[in-house]
Amino acid sequence: MEDILGLIKLRIKRGINLAKRDTFSSDPYVVVKMEEQKLKTAFIRKNINPEWNEELTLYVKDVATPITVQVYDKDTFTADDEMGDAFIDLRPYIGCYYLMGLERLPDGCVVKKIQPNKTNCLAEESTCFWRNGCIVQNMILRLKNVECGEIECEIEWRDIPGCKGLSGLRS
């Protein structure tokens, strides 16, 4: 446990205009990977705009390690089809925790805006905001290696008692 910094709660909210891998639609689900961890959502039958609203929790050892998000089409008799992938870079989000005076902010207050660029998978501007004593980043990820599709999700940091936490990163 001494090498774990804390937890990331990743809420997979929904898919937007996902690729069709079956005749008229797809049966999508999301696989999330970080280091040796691998979690997945339930699959949604025949829907290219699915709503999962599932919360997955990953432990974090290194904030420089990205979270990989992969979307698949569930198939019964053949291997599941790939429907694109993206990654989440935690570093811009983690940087928000070093700002002073956060605890005095009202819920919903914007802490930071992150712009899409060539080094991230953001489809549009992403907002980090204060909610219930924590910073939450809401984002829409543009899927790569596929003709279309986006995933809306959010991340939230959680400290674990007995672990270093983010204060262990300051030098």
Side-chain angles (χ1 to χ4, degrees), residues 1 3-18 26-74 80 82-97 102-103 105-114 116 120-144 149-166 169:
M1 281 259 300
D3 57 342
I4 295 175
L5 296 172
L7 301 173
I8 281 286
K9 287 184 1 181
L10 171 61
R11 179 175 294 283
I12 305 294
K13 292 182 173 183
R14 65 189 178 117
I16 303 163
N17 193 32
L18 298 178
S26 289
D27 306 313
Y29 66 94
V30 177
V31 174
V32 175
K33 295 179 184 176
M34 184 179 204
E35 296 181 358
E36 66 276 358
Q37 302 167 86
K38 181 179 177 180
L39 303 170
K40 69 179 182 175
T41 67
F43 76 93
I44 306 289
R45 196 173 302 279
K46 297 181 181 176
N47 196 332
I48 60 169
N49 294 296
E51 297 212 12
W52 288 284
N53 287 315
E54 288 191 37
E55 192 171 282
L56 307 173
T57 303
L58 299 159
Y59 60 82
V60 179
K61 292 181 179 179
D62 181 0
V63 296
T65 302
I67 298 171
T68 303
V69 178
Q70 298 170 296
V71 183
Y72 292 92
D73 170 49
K74 178 83 172 151
D80 293 350
E82 294 181 9
M83 295 176 64
D85 57 86
F87 67 90
I88 300 171
D89 182 359
L90 295 175
R91 292 173 296 187
Y93 167 77
I94 296 299
C96 294
Y97 274 94
L102 293 174
E103 61 281 346
L105 295 176
D107 274 3
C109 185
V110 173
V111 175
K112 182 178 186 177
K113 293 182 179 185
I114 302 167
N120 64 38
C121 292
L122 297 175
E124 58 187 45
E125 181 179 82
S126 173
T127 304
C128 297
F129 60 95
W130 188 253
R131 181 174 70 197
N132 298 326
C134 295
I135 298 171
V136 176
Q137 182 181 356
N138 194 55
M139 65 189 88
I140 297 179
L141 302 172
R142 178 167 289 122
L143 296 174
K144 303 180 303 178
E150 298 172 344
I151 296 291
E152 183 179 1
C153 58
E154 69 179 29
I155 56 174
E156 182 178 333
W157 180 265
R158 290 290 183 198
D159 283 324
I160 303 173
C163 291
K164 291 180 191 175
L166 296 176
L169 297 178

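Heavy-atom basis, side chains included; hydrogens, waters and symmetry copies ignored.
To the nearest 0.5 Å, the span separating CG on Leu56 from CD1 on Ile67 amounts to 9.5 Å. Rounding to the nearest 0.5 Å places CG of Leu122 at 10.5 Å from CD of Glu150. We find the CG-CD distance between Asn138 and Glu125 to be 11.5 Å, quoted to the nearest 0.5 Å. Between the OG atom in Ser126 and the CG atom in Asp89 there is a gap of 11.0 Å [rounded to 0.5 Å]. Interatomic distance, CG of Leu39 versus CG of Leu58, reported as 5.0 Å (0.5 Å rounding). Between Ile140 atom CD1 and Glu124 atom CD the span is 4.0 Å, to the nearest 0.5 Å.
The existence of a salt bridge linking Glu156 and Arg131 is confirmed by a sub-4.0 Å separation between a basic side-chain nitrogen and an acidic carboxylate oxygen. With salt bridges taken as basic N to acidic carboxylate O contacts below 4.0 Å, one links Lys13 and Glu154. With respect to Glu54 and Arg14, no salt bridge is recorded, no charged nitrogen being found less than 4.0 Å from a carboxylate O.
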Apply the test side chain to side chain contact (heavy atoms under 4.5 Å, CB included) to residues Gln70 and Thr68: give CA-CA distance (whole Å), side-chain angles for both, the deciding distance (0.1 Å), then the verdict. CA-CA 7 Å; Gln70 298 170 296; Thr68 303; 3.9 Å; yes
Does the side chain to side chain contact (heavy atoms under 4.5 Å, CB included) test come out yes or no for Lys40 and Val32, once each step is laid out? CA-CA 6 Å; Lys40 69 179 182 175; Val32 175; over 6 Å; no
Decide yes or no on side chain to side chain contact (heavy atoms under 4.5 Å, CB included) for Phe87 and Val69, but give the supporting numbers first. CA-CA 6 Å; Phe87 67 90; Val69 178; over 6 Å; no
Evaluate the side chain to side chain contact (heavy atoms under 4.5 Å, CB included) criterion for residues Cys134 and Tyr97: first the C-alpha distance (whole Å), next the side-chain angles of each, then the deciding distance (0.1 Å), finally the verdict. CA-CA 9 Å; Cys134 295; Tyr97 274 94; 4.2 Å; yes
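Every residue two or more places apart in sequence or in another chain that forms a side-chain contact (heavy atoms from CB on, under 4.5 Å) with Ile155 is listed here: Ile8, Leu10, Ile88, Leu90, Tyr93, Gln137, Met139. Applying the side chain to side chain donor-acceptor pair (under 3.5 Å) rule to Asp80 yields the partners Tyr29; only residues at least two apart in sequence or on another chain are considered. Judged as a side chain to side chain donor-acceptor pair (under 3.5 Å), and not counting sequence neighbours, Asn17 has no contacts.
In this structure, the side chains of Cys153 and Leu141 come closer than 4.5 Å at one or more pairs of heavy atoms. With a 4.5 Å cut-off on side-chain heavy atoms, Ser26 and Met83 count as touching. Side-chain contact between Asp85 and Leu143 is absent, with no heavy-atom pair separated by less than 4.5 Å. Side-chain contact check for Tyr72 versus Val31: some heavy-atom pair is nearer than 4.5 Å. With a 4.5 Å cut-off on side-chain heavy atoms, Asp62 and Glu35 count as touching. By the 4.5 Å heavy-atom criterion applied to side chains, Lys144 and Cys121 are counted as neighbours. The closest side-chain heavy-atom distance from Asn47 to Asn49 is below 4.5 Å. Looking only at side-chain heavy atoms (C-beta outward), Asp159 and Cys163 stay at 4.5 Å or farther from each other.
Side-chain N or O atoms of Thr41 include one that pairs as donor or acceptor with a backbone N or O of Val30 at under 3.5 Å. No donor-acceptor pair under 3.5 Å is formed between the side chain of Lys74 and the backbone N or O of Ile44. Asp107 contributes a side-chain N or O that, together with a main-chain N or O of Asn132, makes up a donor-acceptor pair within less than 3.5 Å. Between the side chain of Trp52 and the backbone N or O of Ala42 there is at least one donor-acceptor pair closer than 3.5 Å.
Minimum interatomic distance between Pro50 and Pro28 (heavy atoms only, all atoms of both residues): CG-CG, 3.6 Å.
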